[in-house]
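Worksheet: the structure to be examined is printed underneath.
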Amino acid sequence: MQHLTEEETARVNRIRKQRNYVVGGLLVAFVVLVFFISIAKMS
Amino acid sequence: MTAATTFPISADWRDFFALTKPRVMSLVIFTGACGLFAAPVHIHPVLAFTAILCIAIGAGGAAALNQWWEADIDAGMKRTAKRPLPSGRMDPTSARDFGVGISAGAVLLMGLAISWLAAAILAVSILYYAVVYTIWLKPRTPQNIVIGGGAGAFPPLIGWVAATGHVTAMPIALFAIIFFWTPPHFWALALFVQSDYAKVGIPMMPVVAGEAATRRQILAYSLILLPLSLVPWWIGGAGAIYGVSAAVLGIAFLALGSRVGLRRRDGADDRMKPEKQLFAFSIIYLFALFAALVADRFAAHLGVLG
């Protein structure tokens with residue numbers, strides 16, 4: 001494992017945080033979609 | 001090698017989004033939605049949205065796999081060198097896993113929520129683009145664009161099947177229209193960017209068969225496209241709005257195609273204006289043709305024009 005400078009570590013952390021937000025948001029959207037699909041299939 | 005390539009995690013979500021070729025996806029979403037809304041059945045809006053979402057995600061997954069496989073080719077072309085993989089912002093394994101993951105997710109969601117026939121056709125379209133076209137035929141034959149056209153022709157077929165649950169002559173006609181539209185569209189582009197393709201060794205028609213042969217084939221496909229675009233009207237799948245639109249658009253396409261097909265490059269200073277016009281019009285053509293198809297369906301639904 002290579003050593004990262006402080007600046008690089010900060011950048012990696014920022015990217016990781018952004019990715020987590022996006023993946024989290026997509027998961028919430030997916031759950032909402034599945035909920036509405038279930039209602040649509042029942043109607 | 002840039003500093004970015006040494007990070008253990010350097011691709012942010014925008015790079016993953018770019019991997020899905022969003023601009024190509026917009027045409028896929030449009031034609032898929034048109035296939036779905038042109039079908040003579042009612043589909044619940046949530047299910048319609050889900051079907052279009054699955055088509056879009058499937059296309060994005062296939063595009064990601066395409067970029068994963070072609071990273072070295074993309075690196076050699078000015079137009080594609082800044083993509084996430086050739087620029088070193090993303091490692092190939094992440095791109096491959098992302099492509100496989102979202103493709104599988106799209107097929108599963110389509111199967112579970114809409115129909116397994118639509119899911120099967122979506123899976124075939126992804127495999128066709130990522131394996132048959134990208135890996136197998138694109139680097140081997142100058143007919144790569146003709147074959148690749150099949151991948152782009154799937155969305156309206158999938159949209160129609162998602163709405164109706166079965167394959168009929170109408171969605172096959174829509175498939176055929178995009179299939180025969182693709183060669184003149186891409187070869188017009190290839191005529192004015194051919195030096196880039198030649199540099200990376202992709203056997204595009206103008207590079208391998210020469211410019212004259214490419215121009216003849218553009219004319220041939222434009223000629224086929226005109227009667228083919230009238231088939232939906234002829235078989236009764238669409239009405240007068242579509243029929244008139246298809247005839248007018250097809251004649252305009254043929255006029256531009258003929259201009260490209262019958263001319264020769266006027267020296268090294270030729271700015272290739274007719275080729276650029278054909279390429280630009282071909283995009284408008286497809287949008288307008290499919291918009292007319294949906295307008296025709298809504299007019300029939302509202303009782304306008306019979």
Side-chain angles (χ1 to χ4, degrees), chain A, chain B residues 1-20 22 36 41-57 60-61 84 88-91 94-95 97-98 101-102 104-116 118-119 162-163 165:
Chain A
M1 185 72 184
Q2 59 196 308
H3 290 286
L4 300 177
T5 63
E6 266 185 42
E7 192 187 333
E8 286 170 339
T9 308
R11 181 168 178 265
V12 168
N13 286 338
R14 195 178 67 245
I15 290 171
R16 190 169 279 141
K17 200 173 169 184
Q18 280 179 349
R19 274 197 195 181
N20 287 344
Y21 278 133
V22 172
V23 172
L26 289 175
L27 279 174
V28 170
F30 180 70
V31 171
V32 172
L33 180 65
V34 169
F35 172 73
F36 281 110
I37 289 171
S38 308
I39 292 173
K41 296 286 266 186
M42 284 188 287
S43 65
Chain B
M1 188 177 274
T2 62
T5 59
T6 61
F7 285 136
I9 175 173
S10 58
D12 72 13
W13 66 271
R14 290 175 200 85
D15 293 317
F16 284 97
F17 184 64
L19 214 56
T20 63
L36 192 137
V41 292
H42 172 74
I43 179 167
H44 192 288
V46 172
L47 298 181
F49 171 79
T50 306
I52 295 165
L53 183 71
C54 290
I55 294 170
I57 295 173
R89 296 196 305 278
M90 184 183 287
D91 69 287
S94 299
D97 294 350
F98 175 72
I102 65 170
V107 171
L108 269 176
L109 184 60
M110 182 73 100
L112 291 168
I114 312 295
S115 106
W116 284 106

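So that the names make sense, note that chain A is the first sequence line, chain B the second, and so on, each numbered from 1.
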### Query
Under a 4.5 Å heavy-atom cut-off, does chain A meet the side chain of B:I114, its backbone, both or neither?
backbone
### Task
List the steps and the verdict of side chain to side chain contact (heavy atoms under 4.5 Å, CB included) for B:L112 and A:I37.
CA-CA 10 Å; B:L112 291 168; A:I37 289 171; over 6 Å; no
### Message
Checking A:V22 against B:F16 for the side chain to side chain contact (heavy atoms under 4.5 Å, CB included) test, could you report, in this order, the C-alpha distance in whole Å, the side-chain angles of both residues, the deciding distance, and whether it holds?
### Response
CA-CA 11 Å; A:V22 172; B:F16 284 97; over 6 Å; no
#### Entry: Approximate separation, where rounding is to 0.5 Å, of B:D12 CG and A:R11 CZ
7.5 Å
### Summary
Minimal heavy-atom distance between B:A113 and A:K41, with the atoms involved, is O-NZ, 2.9 Å
### Message
Give me the atom names and distance for the closest heavy-atom approach of B:L53 to A:L33.
### Response
CD2-CD2, 3.6 Å
### Query
So which part of A:Y21 gets closer than 4.5 Å to some heavy atom of chain B, the side chain, the backbone, both or neither?
neither
